[in-house]
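Right, one structure below, let's go through it.
Predicted, not measured: the structure shown is a model, and the values here were computed from it. All heavy atoms count here, side chains included; hydrogens, waters and symmetry mates do not.
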Amino acid sequence: MLDLLNKIRRPTRISLTRKFLYSTLIFIAGVILGVVSKVLDTIPSNYLPYFLELLDLRNFFSRMGVWIFLAVVISLYSNSPIRSAINVFLFFVGMVGSYYLYTILIAGFFPKSYMMIWIVMTVISPFLAIVCWYAKGKGIIAVSISSIIFMSISRQSFAFGFWYFDIRNNLELLLWIATTFILYQSPKQIINVVAIGFLLFLLTAQTNIFWGML
């Protein structure tokens with residue numbers, strides 16, 4: 001099994017110091033983004049600087065697209081599947097932990113049901129990160145994983161129905177474009193990924209599967 005996985009993508013070695021440094025920075029980034037997201041969520045939009053109000057960052061950070069994208073980036077650029085699991089888990093622990101500590105200790109309320117959803121997502125994130133790591137590999141399995149990632153980001157970026165095709169959020173459109181770049185390995189590979197991923201998006205756009213509700 002290990003030989004098969006290594007044929008898709010082989011881990012690289014880095015020093016223990018760099019592992020610790022990268023994981024620490026990822027955790028800190030999660031903490032900062034969690035606090036920023038909650039601060040934006042509690043401040044009335046008309047109190048924010050005009051450019052932040054125009055960007056609508058509060059709505060952007062309240063949606064799943066940006067968190068899926070960041071988790072994918074962390075996973076793909078980790079040096080091994082185990083490191084990707086650790087790094088993505090630490091990112092979500094930092095983000096979710098700081099967000100809800102701020103919510104409880106400073107904002108003064110306890111959204112238990114919504115918090116449990118994020119805790120469950122944090123728990124399963126390492127397993128999804130391991131799978132995502134192989135998207136940067138070779139062969140049909142890597143293309144298939146990349147296509148599912150592309151479909152998931154597409155579902156966040158676009159709304160599709162029988163008579164309409166709309167952009168949900170302009171910032172998520174930028175994430176969709178960025179996803180194409182981070183998944184890119186060769187012209188043939190990215191054409192296959194985009195074609196399959198977009199076909200999956202069109203086929204599943206109206207279904208009530210998990211990532212369609214995010």
Side-chain angles (χ1 to χ4, degrees), residues 19-49 51-78 81-133 148-149 152-157 159 168-176 178-179 182 208-214:
K19 288 179 182 179
F20 180 78
L21 176 62
Y22 293 160
S23 294
T24 301
L25 291 175
I26 287 169
F27 174 76
I28 292 172
V31 171
I32 292 172
L33 286 172
V35 172
V36 169
S37 176
K38 188 58 191 177
V39 169
L40 289 172
D41 196 38
T42 56
I43 297 176
S45 60
N46 59 329
Y47 282 27
L48 296 172
F51 77 95
L52 291 179
E53 184 180 351
L54 188 64
L55 289 173
D56 194 18
L57 288 179
R58 179 169 60 179
N59 183 52
F60 178 63
F61 282 119
S62 69
R63 290 171 52 78
M64 280 298 300
V66 61
W67 308 115
I68 294 173
F69 174 79
L70 291 174
V72 168
V73 170
I74 293 169
S75 175
L76 293 182
Y77 290 99
S78 296
I82 299 302
R83 292 298 305 164
S84 78
I86 293 170
N87 290 338
V88 169
F89 180 70
L90 288 174
F91 175 77
F92 276 110
V93 167
M95 186 272 287
V96 174
S98 63
Y99 183 94
Y100 284 107
L101 281 174
Y102 190 104
T103 300
I104 296 167
L105 299 178
I106 299 177
F109 62 99
F110 183 59
K112 182 179 178 180
S113 58
Y114 196 63
M115 185 173 70
M116 289 305 300
I117 294 174
W118 278 98
I119 290 174
V120 170
M121 291 185 61
T122 300
V123 171
I124 67 175
S125 66
F127 305 101
L128 298 176
I130 290 173
V131 175
C132 286
W133 187 81
I148 293 172
I149 293 171
S152 299
I153 298 295
S154 296
R155 294 190 68 122
Q156 297 301 306
S157 305
R168 292 182 186 271
N169 184 290
N170 289 332
L171 291 178
E172 285 179 347
L173 176 61
L174 295 179
L175 294 184
W176 181 80
T179 299
I182 65 170
N208 198 28
I209 55 180
F210 176 70
W211 53 76
M213 297 185 290
L214 297 177

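Closest approach of Glu172 and Ser157 over heavy atoms only: O-OG, 3.0 Å. Nearest approach of Ser98 to Gly34, heavy atoms of both residues: OG-CA, 3.3 Å. For the residue pair Val88 and Ala129, the shortest heavy atom distance occurs at CG2-CB, 3.6 Å. Annotation for Pro81 and Ile130: closest pair O-CG1, 3.4 Å, computed over non-hydrogen atoms.
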What side-chain donor-acceptor pairs closer than 3.5 Å can you find for residues 111-121, not counting sequence neighbours?
none

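The backbone N or O of Asn59 lies less than 3.5 Å from a partner atom in the side chain of Ser62, making a donor-acceptor pair. A donor-acceptor pair under 3.5 Å is absent between the side-chain atoms of Asp41 and the main chain of Ser37, judged by distance alone. A distance-only check finds a donor-acceptor pair linking the side chain of Arg168 to the backbone of Arg155 [under 3.5 Å]. Of the possible polar contacts, none joining the Ser84 side chain to the Ser75 backbone as a donor-acceptor pair under 3.5 Å is found. Remark: side-chain polar atoms of Ser23 are paired, donor with acceptor, to backbone N or O of Lys19 under 3.5 angstrom.
Looking at heavy atoms from C-beta onward, Val66 lies in side-chain contact with Phe61 at the 4.5 angstrom threshold. Contact annotation: the side chain of Leu33 approaches that of Trp67 to within less than 4.5 Å [non-hydrogen atoms, C-beta and beyond]. Residues Ile86 and Pro126 fail the side-chain proximity criterion, which asks for heavy atoms closer than 4.5 Å. In this structure, Leu57 and Leu171 have side chains that are in contact, with non-hydrogen atoms separated by less than 4.5 Å. The side-chain heavy atoms of Tyr77 and Ile182, taken from C-beta on, include a pair separated by under 4.5 Å. Using a 4.5 Å heavy-atom cutoff, the side chains of Thr103 and Phe110 are not in contact.
With rounding to the nearest 0.5 Å, the separation of OG1 in Thr122 from CZ in Phe91 is 10.0 Å. The distance from atom CD1 of Ile32 to atom CZ of Phe27, rounded to the nearest 0.5 Å, is 10.5 Å. Considering CG of Leu101 and CD1 of Ile106, their distance stands at 9.0 Å, rounded to 0.5 Å. Distance SG/Cys132 to CD1/Ile74: 11.5 Å, rounded to 0.5 Å. Note that the OG atom of Ser152 and the CZ atom of Phe69 stand 13.5 Å from one another [nearest 0.5 Å]. Note that CZ of Phe92 and CG of Leu128 are 9.0 Å apart. Values are rounded to the nearest 0.5 Å.
Within a 6.0 Å radius of CZ in Phe20, other residues, nucleotides and ligands contribute 12 heavy atoms or fewer.
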Could you walk me through whether Ser78 and Trp133 pass the side-chain hydrogen bond (donor to acceptor under 3.5 Å, both in side chains) test, one step at a time?
-> CA-CA 8 Å; Ser78 296; Trp133 187 81; 5.7 Å; no
